[in-house]
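Before any comments, here is the structure.
Numbers restart at 1 for each chain; the letters A, B, ... are given by sequence-line order, proteins then strands. The analysis underlying the following values was restricted to heavy atoms, covering all of them including side chains, and did not include hydrogens, waters or symmetry mates.
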There are 2 protein chains.
Amino acid sequence: MATRVERKQASLLRILDAAAARLRTEGLMGAAIGLVMRDAKLTHGAFYSHFANKEELTAAAFRHALANNRTRWTTGPSGEHWPQRLTRLAKRYLTPAHRDDPANGCAFAAVASEAARSPAEFRRVFEAEMIQSLRAICGPTAAPSANPDPNGVDPTRHDEAIALLALCVGGVTLARAVEDGETSARVLAACQAAAARLANPEGATDSATRAVD
Amino acid sequence: MATRVERKQASLLRILDAAAARLRTEGLMGAAIGLVMRDAKLTHGAFYSHFANKEELTAAAFRHALANNRTRWTTGPSGEHWPQRLTRLAKRYLTPAHRDDPANGCAFAAVASEAARSPAEFRRVFEAEMIQSLRAICGPTAAPSANPDPNGVDPTRHDEAIALLALCVGGVTLARAVEDGETSARVLAACQAAAARLANPEGATDSATRAVD
DNA sequence: ATGTCGGCATGACGAGCGTCATGTCAAACG
DNA sequence: CGTTTGACATGACGCTCGTCATGCCGACAT
């Protein structure tokens with residue numbers, strides 16, 4: 001049998017995995033302590049050996065959910081240009097597969113409207129994760145931006161990334177909130193088309209828009 | 001004193017107003033029966049003279065919240081063209097005033113991610129309201145669309161309205177979910193700029209894009 | 001005037017939740 | 001080898017919520 005700290009770390013990981021999954025499928029307060037601990041093969045009493053209260057759990061689970069997905073989503077083909085990256089992200093995000101698998105999906109879309117009503121402490125966590133995801137989206141591309149900011153990110157690209165995130169989060173959320181499958185698919189398609197138009201404005205001919213030669 | 005049916009109608013209206021406000025500020029399950037009835041100056045027992053259960057209340061309150069705002073948002077200046085309408089809606093929606101007053105704001109943004117996890121019955125209500133709002137957005141403009149659908153709506157405009165709604169809902173939700181005021185304002189501004197770009201693609205010169213002469 | 005109806009108040013029940021006190025047992029340590 | 005530590009189980013407490021049974025009392029019909 002493993003050592004003590006190893007067993008505790010393993011327990012904590014099971015708790016975080018279970019909580020992250022429940023947070024994305026059932027929402028912020030759907031990740032009830034009793035249910036999370038049951039998923040983690042523990043009893044509810046053991047919870048307070050890992051966290052002081054539920055707020056700490058939700059914050060940690062939210063961070064955990066996003067940390068697991070960030071690199072998986074951000075890394076694209078090498079030599080990727082900016083408009084390509086934006087359209088690729090939207091094309092992958094606004095998809096029936098992502099819509100139908102919230103347990104492994106984007107945590108922003110899962111808890112966005114609940115986070116808006118959460119105490120300031122959680123909103124700070126939300127904001128920090130969002131900024132980190134935006135920086136990951138704006139991360140190094142094949143063609144570095146023409147006017148990089150002192151801190152390394154082109155503010156124009158940063159704003160485009162914000163709009164893309166809002167469009168994607170709103171898109172899957174609306175697609176999940178409607179009943180009819182056709183309506184849902186149309187929401188995804190319309191947002192995907194809009195994202196492509198946003199990333200690659202019609203008639204634009206600057207170097208960043210053209211494909212790699 | 002008023003007649004009996006009038007008093008009941010007045011009570012129902014107070015209940016719906018209170019529930020609609022709580023639904024937008026506290027979310028779907030934040031509109032608890034006891035609190036709503038207290039806001040409506042009634043006791044919790046009287047609730048079941050108006051609704052069979054809580055599901056009926058939430059559905060009715062959601063419809064009530066949207067019905068109150070739809071015409072207020074949709075009606076714009078006469079002689080309004082399609083791109084102008086889209087930019088006007090985004091400019092008004094993605095605003096600090098709207099962000100900071102959820103009690104009178106858009107119900108879609110308030111409950112979107114919770115609706116995604118709601119039973120099919122509520123999702124049907126959500127879908128019906130969304131379709132109705134989309135048709136209101138696509139409603140008659142100064143320049144009717146070139147290719148109107150048999151049922152009266154240009155499918156291209158309908159898809160643009162979907163994307164605009166997703167961008168707006170995602171935008172205010174993210175703006176509400178972050179703590180820092182500057183970050184929040186930047187989210188609103190970035191989404192507003194993206195909506196304008198979406199409604200009025202750069203370089204386009206067709207008649208619908210030009211201002212009224 | 002008298003009886004019926006129904007909106008409303010009061011009170012209670014059970015379920016689910018967060019939280020904590022207490023006990024237990026195996027691993028870590030001197 | 002004996003002691004201590006701490007992760008975990010058990011059980012309980014208080015709170016909130018949805019739901020319903022019961023009773024009241026004013027408005028309406030006859």
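Looking at which nucleotide of DNA chain C each of Gly45(A) and Gly30(A) is closest to, the 5′-most match is held by Gly30(A). When the nearest nucleotides of DNA chain C are assigned to Arg4(B) and Met37(B) by heavy-atom distance, the more 5′-ward of the two goes with Arg4(B).
The CD atom of Glu6(B) sits 14 Å away from the C1' atom of dC28(D) (whole-angstrom rounding). One atom, CD of Glu26(A), and another, C1' of dG16(C), lie 14 Å apart when rounded to the nearest Å. What separates CG of Leu42(B) from P of dC8(C) is a distance of 6 Å, to the nearest Å. Rounded to a whole Å, the CZ atom of Arg14(A) is 14 Å from the P atom of dA7(D). We find that CZ of Phe47(B) is positioned 16 Å from P of dA21(D), with the value rounded to whole Å. Per the geometry, CZ belonging to Arg7(A) stands 10 Å off C1' belonging to dC25(C), to the nearest Å. Regarding Arg38(B), its CZ atom lies at a distance of 13 Å from the P atom of dG18(D), rounded to whole Å. We find that CG of Asn53(B) is positioned 8 Å from P of dC20(D), with the value rounded to whole Å.
With a 4.5 Å cut-off on side-chain heavy atoms, His98(A) and Arg176(A) count as touching. When side chains are defined from C-beta on, Trp82(B) counts as touching Ile137(B), because their heavy atoms get closer than 4.5 Å.
Of the candidates dC8(D), dG6(C), dA27(C), dC8(D) carries the atom nearest the His50(A) side chain, counting heavy atoms from C-beta on. Considering only the side chain of Ser49(A), dA7(D) comes nearest among dA27(D), dA9(C), dA7(D). Each of dG18(D), dG18(C), dC8(C) was ranked by its minimum atom distance to the side chain of Ile33(A); first place goes to dG18(C). Among the nucleotides dC28(D), dT19(D), dC8(D), the one closest to any side-chain atom of Ala46(A) is dC8(D). Closest contact between the side chain of Ala32(B) and the listed nucleotides dA26(C), dA9(D), dC17(D) involves dC17(D). Looking at the side chain of Thr43(A), the nearest of the listed nucleotides dC8(D), dA27(C), dA9(C) is dC8(D).
Ion pair Glu160(B)/Arg85(B) not flagged as a salt bridge, since none of the NZ, NE, NH1 or NH2 atoms sits closer than 4.0 Å to an Asp/Glu carboxylate oxygen. The pair Arg88(B)-Glu80(B) meets the salt-bridge criterion, since a charged nitrogen lies less than 4.0 angstrom from a carboxylate oxygen.
Between dC8(D) and Ser11(A), a contact under 4.0 Å exists linking OP1 or OP2 to a side-chain N or O. Contact between the side-chain N/O atoms of Tyr48(B) and the OP1/OP2 oxygens of dT19(D) is found at a separation under 4.0 Å. Contact annotation: His44(A) does not reach the phosphate of dC8(D) (side-chain N/O to OP1 or OP2, under 4.0 Å). Residue Thr3(B) places no side-chain N or O under 4.0 Å from the OP1 or OP2 atom of dA27(D).
Between Phe62(A) and Phe126(A), the ring-plane angle classifies as parallel under the 30° and 60° cut-offs.
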